[in-house]
Amino acid sequence: MDKLKVLFVDDDAIVHQSLRRIVTSRKLPIDLLLTTSASQAEQVLSSTACDVIVTDARLPDMVGKDLLVRVRERWPMTMRILMTSEAEDGVVSSLLVAAHQLLNKPVSPTELLDAVQSASRLRFLLMNERLRAVVHRMEHLPVVPKVYTDLTKALRDENTSNQTLAGIVSQDMSLTTGILKLINTPYFGLSRRVSDILQAVTILGVNLIRGLVLADRVFKTLDPDMYPGFDTEKLWTHCIDVARCCRAVRRGEGAGGKAAEDAFLCGLLHDVGKIVLAEGCPGEYVRILFLAQRRNVPLAHVEADELCVTHAEVGAYLLGLWGFSEPIVIAIAQHHGILQGPELSHLAAILHYVDVEMHNRYVRLSGYAPHSFARVLFDVEDGEAKFAKWKDSLEAELDTAH
């Protein structure tokens with residue numbers, strides 16, 4: 001296995017020592033090159049092809065963002081990661097002109113190395129120039145909720161209690177009320193009523209709560225009056241339906257715990273890219289919605305024609321930046337069966353299958369053209385038998401809501 005060549009730029013000698021120690025002790029497939037300044041980093045890049053550069057935002061001789069701009073111009077195939085404390089201050093869009101990914105400081109050496117390896121595996125998204133061009137010209141990017149950021153930071157400490165996590169969510173009363181209202185619906189199939197957010201965190205797990213926090217805020221940002229034919233309430237209901245059916249399919253396969261939770265999060269967030277595109281490119285997206293309705297074709301087809309990317313890729317790209325796990329990001333990127341990176345993952349196959357099934361339930365009596373399964377789905381091993389089981393799980397889950 002080839003080692004990942006990583007150039008790290010920071011003038012903190014202690015961090016350098018920690019990174020070397022972790023790479024050695026964990027036997028990571030990383031060839032680590034350590035420098036203390038922008039000028040040293042450029043010297044290294046002039047003689048050595050690096051897969052990734054990671055730099056602090058503040059260097060002795062240059063601002064980290066400016067260094068990455070120069071790297072972008074001279075060494076465009078090197079993935080660029082910026083460590084910054086500014087990512088919450090409304091400057092994310094400008095920073096992403098220079099960096100492929102942002103890491104919120106403080107970040108431990110272990111988290112840093114894990115993030116580098118994860119980003120490398122997601123380079124098919126993070127370094128997709130057409131996708132980045134669309135994202136960077138958007139008028140607005142969703143602001144990650146403070147509660148989400150605080151939860152992410154708290155999760156870095158494995159000793160953080162559920163009570164502490166519940167306290168973070170409870171700071172936003174509107175959010176707390178919305179989450180409690182949602183999880184007490186039949187969608188979650190809980191055997192007893194959940195009356196406070198601590199119970200919710202304990203029963204559902206903090207990662208699922210974190211996903212609900214993000215979904216709640218992103219879906220509420222859109223003004224539905226601006227987008228004729230784009231019903232955000234129906235979109236939210238669709239995402240919830242897909243989420244619980246994906247979870248039911250995984251449970252039907254015998255999976256539980258994190259695997260079932262990941263399946264739910266995939267379904268919940270799979271169409272977040274539609275909201276992002278509508279918010280960021282309002283004029284273009286109104287036209288895309290109109291064309292999809294006039295041509296009677298799936299929205300993703302028109303997005304691909306008009307923007308050269310789809311909401312699946314845009315949503316996955318931002319979820320990757322926001323720290324969601326690789327399986328979730330990859331599944332969402334692939335949920336229309338369009339492959340630009342790894343082979344179709346099992347989770348992506350389930351998400352695609354459920355999404356198409358649910359869309360076709362909605363359009364069956366509407367006169368709109370049904371969605372079709374992507375050809376790549378039929379390459380799934382033992383596909384027919386699996387699809388029959390998935391259909392049974394989906395039907396059983398939908399029956400429980402009635």
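Note that the numbering runs from 1 along the sequence shown for the chain.
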**Request:** Give the intermediate values and the outcome of side-chain hydrogen bond (donor to acceptor under 3.5 Å, both in side chains) for residues Gln43 and Ser47.
**Result:** CA-CA 7 Å; Gln43 287 176 11; Ser47 60; over 6 Å; no
**Item:** side chain to side chain contact (heavy atoms under 4.5 Å, CB included) between Leu112 and Leu19, intermediate numbers included
**Value:** CA-CA 9 Å; Leu112 172 60; Leu19 290 171; 3.9 Å; yes
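In terms of heavy atoms, Ala292 sits closest to Val302 at CA-CG2, 3.7 Å. Shortest non-hydrogen contact noted between Val23 and Leu113 is CG2-CD1, 3.8 Å. The shortest heavy-atom contact between Ala98 and Leu68 is O-CB, 3.7 Å. Here the shortest heavy-atom pairing between Thr55 and Gly64 reads CG2-O, 3.9 Å. For the residue pair Leu265 and Gly211, the shortest heavy atom distance occurs at CD2-CA, 3.6 Å. Closest heavy-atom contact between Leu351 and Gly267: CD1-CA, 4.0 Å.
Using modelled atom types, one finds a donor on one side chain and an acceptor on the other under 3.5 Å when comparing Glu303 with Tyr285. Glu233 and Thr237 share no donor-acceptor pair across their side chains, judged by distance under 3.5 Å alone.
Listed by chain and residue number, His270, His359, Tyr362 satisfy the ring-ring contact (aromatic ring centres under 6.0 Å, His included) test with His238 (two or more places apart in sequence, or in another chain). Judged as a side chain to side chain donor-acceptor pair (under 3.5 Å), and not counting sequence neighbours, the contacts of Glu395 are Arg361. With sequence neighbours left out, the side-chain contact (heavy atoms from CB on, under 4.5 Å) criterion links Thr110 to Ile22, Arg26, Ser108, Asp114. Qualifying side chain to side chain donor-acceptor pair (under 3.5 Å) partners for Thr160, counting only residues two or more places apart in sequence or in other chains: none. Legend: residues meeting side-chain contact (heavy atoms from CB on, under 4.5 Å) with Ala374, ordered by chain and number and at least two apart, are His352, Val376. Applying the side chain to side chain donor-acceptor pair (under 3.5 Å) rule to Ser37 yields the partners Ser39; only residues at least two apart in sequence or on another chain are considered. Annotation: side chain to side chain donor-acceptor pair (under 3.5 Å) contacts of Ser372 (sequence neighbours excluded): none. Qualifying side-chain contact (heavy atoms from CB on, under 4.5 Å) partners for Ala215, counting only residues two or more places apart in sequence or in other chains: Phe219, Trp236, Leu268, Leu269. For His311, the ring-ring contact (aromatic ring centres under 6.0 Å, His included) test picks out His335, His336, with sequence neighbours left out. For Asp51, the side-chain contact (heavy atoms from CB on, under 4.5 Å) partners at least two apart in sequence or on another chain are Leu4, Lys5.
The side-chain heavy atoms of Arg247 and Arg244, taken from C-beta on, include a pair separated by under 4.5 Å. Using a 4.5 Å heavy-atom threshold, the side chains of Ile209 and Ile179 count as touching.
Around the CZ atom of Arg72, the shell of radius 6.0 Å holds more than 12 heavy atoms that belong to other residues, nucleotides or ligands. In Glu73, the CD atom is crowded: over 12 heavy atoms of neighbouring residues, nucleotides or ligands sit closer than 6.0 Å.
Remark: the backbone N or O of Thr36 is paired with a side-chain donor or acceptor of Gln40 at under 3.5 angstrom. For Asp66 (side chain) and Met62 (main-chain N/O), no donor-acceptor pair under 3.5 Å exists by modelled atom type. Side chain of Thr48 to backbone of Leu45: no donor-acceptor contact under 3.5 angstrom is found. Remark: side-chain polar atoms of Thr176 are paired, donor with acceptor, to backbone N or O of Val169 under 3.5 angstrom.
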All N/O donor-acceptor pairs, side-chain side in residues 383-394, below 3.5 Å, sequence neighbours left out:
from   : atom 1 : to     : atom 2 : distance (Å)
Lys386 : NZ     : Glu381 : O      : 3.4
Trp390 : NE1    : Glu253 : OE2    : 2.9
Ser393 : OG     : Lys389 : O      : 3.2

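Because its NZ or CZ atom is not both nearer than 6.0 Å to the ring centre of Phe290 and within 45° of the ring axis, Arg295 does not count as a cation-pi partner of that residue.
Sequence neighbours left out, the pairs with a member in residues 320-329 that pass salt bridge (Lys or Arg N to Asp or Glu O under 4.0 Å) are Arg121-Glu326.
Between Lys258 and Asp262, at least one side-chain N (NZ, or NE/NH1/NH2) sits under 4.0 Å from a carboxylate O, which counts as a salt bridge.
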